[in-house]
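See below for the structure under consideration.
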Amino acid sequence: MASVLKAQKKNQAVKDVKGKRKADTMDVDDTTEGPSPKRPKNKQRVLLLSSRGVTHRMRHLMNDLEALLPHVKKDAKLDSKSHLHLLPELADLNNCNNALYFEARRHEDLYMWAAKTPNGPSIKMHVQNVHTMDELKMTGNCLKGSRGLLSFDKGFDETEWGKLTKEVFTHIFGVPATARKAKPFIDHILTFSILDDKVWFRNFQIVEKDPLQPNGPPQTSLVEIGPRFVLTPIRIFEGAFSGATVYSNPEFVSPAAVRSALKREKGSKYGMRKLAEEERYGREAARKREEDELAVSKVFA
């Protein structure tokens, strides 16, 4: 009986030792540290709309941006181009704090407004060299609604307007993780580069494997998806679509002025040609008056 009691006590001691945990492995609430700081949430939403008079290429560019940015809210066309003060109200009604407005002029010139609503700032840019996703050059493909990485050239940090443009583009093109239509997947890169004082936009797909060697080692490469376009900054305003001018590009020449200069150049060529003809006719008339009566043309007339 005594041996049985000793065996029971020994087994109980072993269980107690096994059940105990060291102090460093136990989850003890440390009251000395304060509450963990909350991470700021990205709650950016973008209102996308255009003016009347957009062409098919402009409309396709807007559709590509809508497919590229799942946190975009598309609205109907704005009837008047002179009532831009209505855009902050439209953004507020659609629960958006950013706005992308495409303004078409003369059915051939496209301007893009990128603004923070309702307090600004806002940037007006001229859009050139537009290529959409549907063109044959763009062979890449990505998941619709996936989030993209933003890549900015170091030239943005060298100028004041570049820093401001970078911040506005980060808010507009950076897809928040909590967007309703966003997919928890990253498979493309949005690149912004500055060259000749212009912003060049490109979109590349991240390819992990070589399609010719599906079972080979992973080789990361980039394939362009589209769209692609070039932005020339014109003015930066302090407010949303209004306010004082913060930056003005002195080297920008409107496309209408370029076309009028080309027409004037063609007109000057035509004027010089007509003046040369008049001078030639004047020389011929003067030569006829100088001929005497025994000239061959008069003798054998």
Side-chain angles (χ1 to χ4, degrees), residues 43-135 138 144-145 148 165 168-169 171-176 179-182 190 199 201 203 225-243 252 254-259:
K43 296 182 179 180
Q44 305 295 332
R45 292 193 63 187
V46 184
L47 177 66
L48 179 66
L49 74 164
S50 67
S51 64
R52 296 288 179 183
V54 293
T55 61
H56 67 284
R57 182 174 290 273
M58 302 174 189
R59 187 170 62 252
H60 290 172
L61 175 62
M62 292 183 59
N63 293 336
D64 291 346
L65 290 178
E66 183 186 8
L68 199 63
L69 306 175
H71 64 301
V72 159
K73 171 67 175 178
K74 193 173 182 181
D75 201 357
K77 295 179 181 178
L78 190 66
D79 292 330
S80 177
K81 299 176 184 178
S82 60
H83 294 79
L84 298 183
H85 61 275
L86 300 176
L87 291 173
E89 298 180 7
L90 289 176
D92 189 21
L93 291 175
N94 289 277
N95 195 19
C96 298
N97 51 6
N98 301 280
L100 270 180
Y101 174 63
F102 288 90
E103 181 181 354
R105 295 282 183 179
R106 298 179 179 86
H107 298 279
E108 53 184 340
D109 302 331
L110 181 62
Y111 297 91
M112 186 181 77
W113 290 78
K116 291 286 297 180
T117 57
N119 298 323
S122 56
I123 308 172
K124 183 180 181 181
M125 293 165 286
H126 180 222
V127 186
Q128 295 173 296
N129 301 334
V130 177
H131 298 273
T132 59
M133 288 184 182
D134 298 333
E135 298 186 8
M138 313 301 179
K144 184 177 181 180
T165 305
V168 173
F169 282 178
H171 290 187
I172 293 178
F173 292 94
V175 180
R180 185 171 60 90
K181 298 181 181 179
L190 304 178
V199 180
F201 175 85
N203 182 22
I225 303 174
R228 60 160 70 167
F229 49 87
V230 180
L231 302 174
T232 304
I234 303 174
R235 285 180 183 271
I236 299 179
F237 298 94
E238 185 178 3
F241 302 97
S242 62
F252 174 75
S254 65
V258 174
R259 287 192 296 268

For residues [X] and [Y], determine if any side-chain heavy atom of one lies less than 4.5 Å from a side-chain heavy atom of the other.
{"X": "Phe169", "Y": "Leu190", "result": "no"}
{"X": "Val230", "Y": "Val199", "result": "no"}
{"X": "Lys77", "Y": "Leu49", "result": "no"}
{"X": "Phe241", "Y": "Pro118", "result": "no"}
{"X": "Glu103", "Y": "Leu110", "result": "no"}
{"X": "Ile236", "Y": "Val168", "result": "no"}
{"X": "Phe252", "Y": "Pro233", "result": "no"}

The criterion is salt bridge (charged side-chain N to carboxylate O under 4.0 Å, His left out); which residues satisfy it with [X], sequence neighbours excluded?
{"X": "Glu108", "value": "Arg259"}
{"X": "Arg235", "value": "none"}
{"X": "Arg228", "value": "Glu224"}

(message) Under the rule for side chain to side chain donor-acceptor pair (under 3.5 Å), what residues qualify as partners of His56, not counting sequence neighbours?
(response) none
(request) Look at the rings of Phe201 and Phe229 and say which category their plane angle falls in: under 30° parallel, 30 to 60° tilted, over 60° perpendicular. (result) parallel
(request) Kindly assign one of parallel, tilted or perpendicular to the pair Phe237 and Trp113, based on the angle between their ring planes and the thresholds 30° and 60°. (result) parallel
(message) For the CD1 atom of Ile234 and the CE atom of Met125, what is their distance to the nearest 0.5 Å?
(response) 9.0 Å
When you measure from the side chain of [X] to the backbone of [Y], do you find a donor-acceptor pair of N or O atoms at a distance under 3.5 Å?
{"X": "Asn94", "Y": "Leu90", "result": "yes"}
{"X": "Lys181", "Y": "Val72", "result": "no"}
{"X": "His107", "Y": "Gly53", "result": "yes"}

(request) Enumerate the residue pairs fulfilling side chain to side chain donor-acceptor pair (under 3.5 Å) with a member in residues 114-124, sequence neighbours excluded, ordered by first and then second residue. (result) Gln44-Lys116, Asn98-Lys116, Lys116-His171
Please list, one pair per line, the donor and acceptor atoms closer than 3.5 Å that link side chains of residues 60-71 to other protein atoms, with sequence neighbours excluded.
residue: Asn63; atom: OD1; partner: Lys74; partner atom: NZ; Å: 2.8
residue: Asn63; atom: ND2; partner: Arg59; partner atom: O; Å: 3.3
residue: Asp64; atom: OD2; partner: Met133; partner atom: N; Å: 3.0
residue: His71; atom: NE2; partner: Ile172; partner atom: O; Å: 2.8

(message) Please check if the number of heavy atoms outside Lys81 that lie under 6.0 Å from its NZ is greater than 12.
(response)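 Yes, enclosed.
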(message) If you count every heavy atom of other residues, nucleotides or ligands that lies below 6.0 Å from Glu135 atom CD, does the total exceed 12?
(response) yes
